[in-house]
2 protein chains.
Amino acid sequence: MVELEGRRRQILRVVIDDYIMTAEPVGSEAARQRHGLDISSATVRNEMAALEELGYLQQPHHSAGRVPTDHGYRVYVDSLVTEERVPPTERLRIRRTLTATEFDQAVEQAARALAVITECASVATTPQLPQQVVRHLHLIPLGPRHAIAVIVTDAEVVEGKTVEFEQPITATECDRLSQEISRRIAGRPLIDLTDGELATVIGQAAHHQRVLDQIGRLLRERFRRLPGRVRTEGQANILKQPEFQDARRAQPVLSALEQAEAVTALLGDGSASREVRVRIGSENVLDELRDCTVVTATYHVAGRAAGAIGVVGPTRMRYGRVIGLVRFLAESLGDTLEQL
Amino acid sequence: MVELEGRRRQILRVVIDDYIMTAEPVGSEAARQRHGLDISSATVRNEMAALEELGYLQQPHHSAGRVPTDHGYRVYVDSLVTEERVPPTERLRIRRTLTATEFDQAVEQAARALAVITECASVATTPQLPQQVVRHLHLIPLGPRHAIAVIVTDAEVVEGKTVEFEQPITATECDRLSQEISRRIAGRPLIDLTDGELATVIGQAAHHQRVLDQIGRLLRERFRRLPGRVRTEGQANILKQPEFQDARRAQPVLSALEQAEAVTALLGDGSASREVRVRIGSENVLDELRDCTVVTATYHVAGRAAGAIGVVGPTRMRYGRVIGLVRFLAESLGDTLEQL
DNA sequence: GTTAGCACTCCAATCGAGCGAGTGCTAATT
DNA sequence: AATTAGCACTCGCTCGATTGGAGTGCTAAC
C-alpha cells in the first residue's frame with residue numbers, strides 16, 4: 001500500500017473522523033470548517049477527488065459529500081487513528097463490574113460491559129475446554145450399574161455425563177477405576193489427546209470395556225465442542241445505529257449473530273496473538289456482515305489463549321476507542337479468570 | 001365479560017382473522033367479501049361500530065378500517081379461536097430436531113424450533129435446579145486442602161465449586177464426608193431444604209466445620225439461581241414482522257429480551273398448571289412489551305414443573321397455531337428430558 | 001500549486017391534487 | 001325492527017412539480 005502524503009492523509013483522517021461522528025456524507029466546506037483546516041474548500045475538493053480515485057472515499061450519489069469505503073477505513077485503522085487508552089476512572093469502573101466467581105459468568109459480564117460501553121453488539125467465547133488441562137476424571141456411583149463421569153480441569157469447569165456398566169460394580173471398584181483413568185490422562189490438555197492415543201490410553205485400563213468406551217466417547221465429544229460456548233450481548237444496540245434504522249438492514253446482521261457457528265467463526269482463527277484484530281465490512285467472510293466491522297481480541301489464562309471477545313458494530317465505528325476497549329476487556333477478563 | 005351474540009361474534013372473529021393475515025386495517029366490505037358473509041357491508045359497519053363501542057376494535061384514524069384492541073384479542077383467544085392441533089407430519093419433523101443428549105442443549109433445540117416455526121422470538125428456561133432432587137454430593141479431592149464439590153441431581157445436572165479445608169484431609173476422609181452429607185440431603189428437592197434446616201442438617205456432620213459452611217453456602221447460592229438459565233432464540237424474527245419495521249419500535253422489545261431477569265419474569269409465576277398462558281399487549285407487566293403477546297407453557301419432568309418455554313411476537317399473532325405449537329413443544333421437551 | 005467563481009447536479013423537503021378505501025348517516029326496503 | 005342502498009364526507013397515500021440547499025467539477029485568475 002502506497003503511503004499517503006501528509007496533507008492528503010490528514011484530509012482522509014478528517015473526513016473519516018467527521019463521518020464517524022455525524023453519519024452524514026462529508027462535504028469539502030464542512031470538513032474544512034469543522035476541523036480548522038487552513039486551506040480553501042476548493043483544495044479540499046481536489047484532494048477528496050484524488051482520494052476517491054484511490055478508492056478510499058466514495059460518493060453516495062453525484063454532488064453529495066464523501067463517505068469512506070471499506071478500503072478507506074482500513075487505511076484509517078492501520079495508520080491514521082491511534083488507539084485510545086481507556087482512562088483510569090473508566091478502567092476502574094469496568095473492573096468493578098467484573099465480580100463473577102465463575103468462568104461463564106465472568107465472560108458474560110465482560111461481554112455485557114463491552115456492549116454497554118461501545119453501544120454495539122458484543123460477542124465472546126467461554127474458555128475452550130480442549131485447551132484446559134485435565135486434573136481429574138471421577139466416577140460417581142449412582143447405582144449398581146450406573147455412574148456419572150465428571151471431568152475436572154484446571155479451569156475447574158466440570159462436565160458430567162452418565163455412563164452405564166456392563167456388569168454391576170461396587171463403589172470401591174468405581175473409585176479404583178476413577179483413579180486409574182485419572183492417572184493416565186491427568187496433567188495434559190484435552191486437546192493433546194488425539195483419538196488414537198485416547199483409545200490406547202483408555203484401552204489399557206482393560207476390563208469394564210463398555211465404560212471405557214463411553215468415557216472415550218465423552219472425551220471425544222468434548223473435542224468437537226472445541227471453541228467453547230459462545231455468548232452474544234447487546235444485539236439490540238445494533239438498532240440504535242442510524243445505518244440500521246431500517247429493519248431489513250438490521251435483520252440479517254442479528255440473524256447472523258444468533259447462529260453460534262457463525263459467531264464462532266468470527267471470533268475464530270484463534271491465533272494466540274495478543275493483537276486486536278479488526279475486520280472491516282467486506283473483509284468479513286460472512287456476507288451478512290458486509291456493513292459491519294468486527295473487532296476481536298484473544299484473552300489469555302495461564303499464558304495460553306483461552307477464548308476471544310469482541311465487538312460487532314457498523315463500519316462507521318469509533319475505532320480508536322473500540323480497539324482500546326476491546327484490548328482492555330480482553331486483558332481484564334484474562335486477569336479475572338486467572339484469579340479464579 | 002358479556003358473551004357476544006352470534007353474528008357480532010362472528011364479525012369480530014372475521015375482522016381479527018383478517019387483520020392477523022394482512023396486518024392492514026379491515027374495512028366492512030373487505031371483511032364481508034373475503035370471508036363470504038351473507039349480509040351487506042352496511043350491516044357489517046353497524047356491527048363494527050358496536051364492537052368499537054364495546055372496546056374490542058378501534059380505528060387507527062377516522063374513516064379507516066378497524067384494528068383489534070388488546071381487549072379484542074383477549075376475547076378472540078378466550079372464546080373465538082380454537083387451538084390448532086399440530087399436524088402429525090409436523091410433529092414428526094419437530095421431534096426429529098430434538099436430538100439432544102443434554103438438558104441445556106435440549107432446551108435450546110426446542111426453543112430454536114419454536115422460533116423457526118412461529119417466525120417469532122422464543123424464550124425458555126432450563127430446568128430449575130432447586131426443584132430437582134439431589135442424588136448425591138461428592139467431594140473430589142484436589143490436594144491436601146482442596147476439593148471440588150459436585151452436586152448430582154435426578155436431572156443429572158452437575159454443578160461444581162472448589163471448597164477449602166481448614167486442615168489437611170485424606171482422600172478416604174474426603175470420601176466418608178461425601179457419603180455422610182449425601183445421606184443427609186439425598187432424595188429431596190433442593191428447594192425443600194430451607195436455610196434453617198440446611199444449617200441443622202449440615203451442622204450435625206460436625207468436624208470440618210469450614211467445609212460444611214462452604215457447602216451450605218454453595219447450596220444456598222444455587223437457591224438464588226432458582227429459575228434456571230434462560231435462553232432466547234430467534235430475536236431477529238421480530239424484525240420480520242411488519243409492525244416492527246421501524247427500528248425504534250423493535251429496539252425496546254429486543255432490549256427487554258436480552259435481560260435475563262426480564263425474560264425470567266415473563267416465563268415466571270411458574271404455576272404448575274399445564275395450561276398454555278397467553279399475555280396480550282398491555283397485560284404484560286413489562287412496558288416494553290406492550291405491543292407484544294407472550295405465549296408460554298410449563299414443561300414437566302417426572303411429574304414436576306421443571307421450566308417454561310414460550311413465544312414472544314406481535315399481538316397480531318396466529319394465536320390458534322402458536323398456542324398449539326407452544327403446547328406441543330412444552331410436551332415434547334418434557335418427553336425428551338424424561339428420556340435422558 | 002492554490003483559490004475564487006460559477007454553472008450544474010441531485011437529494012430532500014414541501015405542497016397540492018387526485019384517488020380510493022372506508023365511514024356514518026339517512027331514508028327506503030323487507 | 002332490522003337490514004340495506006345510497007351518498008356525502010374524511011382521511012391517508014401516492015404522485016408530480018417545485019424549490020432550496022449542499023456540494024461538486026471545472027475554468028480562469030492569482
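The chains referred to below are lettered A, B, ... by the order of the sequence lines, with proteins before strands, and numbering in each begins at 1.
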What is the separation between atom [atom1] on [X] and atom [atom2] on [N], rounded to the nearest whole Å?
{"X": "I11(B)", "N": "dT3(D)", "atom1": "CD1", "atom2": "P", "result": "10 Å"}
{"X": "E47(A)", "N": "dT2(C)", "atom1": "CD", "atom2": "C1'", "result": "11 Å"}
{"X": "H61(A)", "N": "dG21(D)", "atom1": "NE2", "atom2": "P", "result": "17 Å"}
{"X": "E24(A)", "N": "dC10(C)", "atom1": "CD", "atom2": "C1'", "result": "15 Å"}
{"X": "Q58(A)", "N": "dG23(D)", "atom1": "CD", "atom2": "P", "result": "17 Å"}

Point to revise | For F244(B), ring pair (Phe, Tyr, Trp, His ring centres under 6.0 Å) partners two or more places apart | key: none
Could you go through nucleotides 18-26 of chain C and list every protein N or O atom that sits under 3.5 Å from one of its N or O atoms, giving the distance for each pair?
| from | atom 1 | to | atom 2 | distance (Å) |
| --- | --- | --- | --- | --- |
| dT23(C) | OP1 | R66(B) | NH1 | 3.4 |
| dT23(C) | OP2 | S28(B) | N | 3.2 |
| dT23(C) | OP2 | S28(B) | OG | 2.8 |
| dG24(C) | OP1 | R66(B) | NH2 | 3.1 |
| dG24(C) | N7 | R45(B) | NE | 3.1 |
| dG24(C) | O6 | R45(B) | NH2 | 3.3 |

Study note, to complete from the structure: Taken in chain and number order and not counting sequence neighbours, the residues that satisfy side chain to side chain contact (heavy atoms under 4.5 Å, CB included) with Q33(B) are E29(B)
Check your understanding: In chain order, what residues pass the side chain to side chain contact (heavy atoms under 4.5 Å, CB included) check against A42(A), with sequence neighbours excluded?
Key -> S40(A), R45(A)
Check your understanding: Within the structure, does a side-chain N or O atom of T43(B) lie under 4.0 Å from either OP1 or OP2 of dT4(D)?
Key -> yes
**Study point:** Distance below 4.0 Å between R32(B) side-chain N/O and dT4(D) OP1 or OP2
**Key:** no
Practice item. Can you tell me which residue pairs pass the salt bridge (Lys or Arg N to Asp or Glu O under 4.0 Å) test with a partner in residues 251-263 of chain B, sequence neighbours excluded? Key: none
Review point. Does any pair with a residue in residues 81-90 of chain A pass side chain to side chain donor-acceptor pair (under 3.5 Å), and if so which ones, sequence neighbours excluded?
Key: E83(A)-R327(A)
Check your understanding: Yes or no on salt bridge (Lys or Arg N to Asp or Glu O under 4.0 Å) for E243(B) and R249(B), after CA distance, side-chain angles and deciding distance?
Key -> CA-CA 8 Å; E243(B) 38 270 90; R249(B) 258 194 197 296; over 6 Å; no
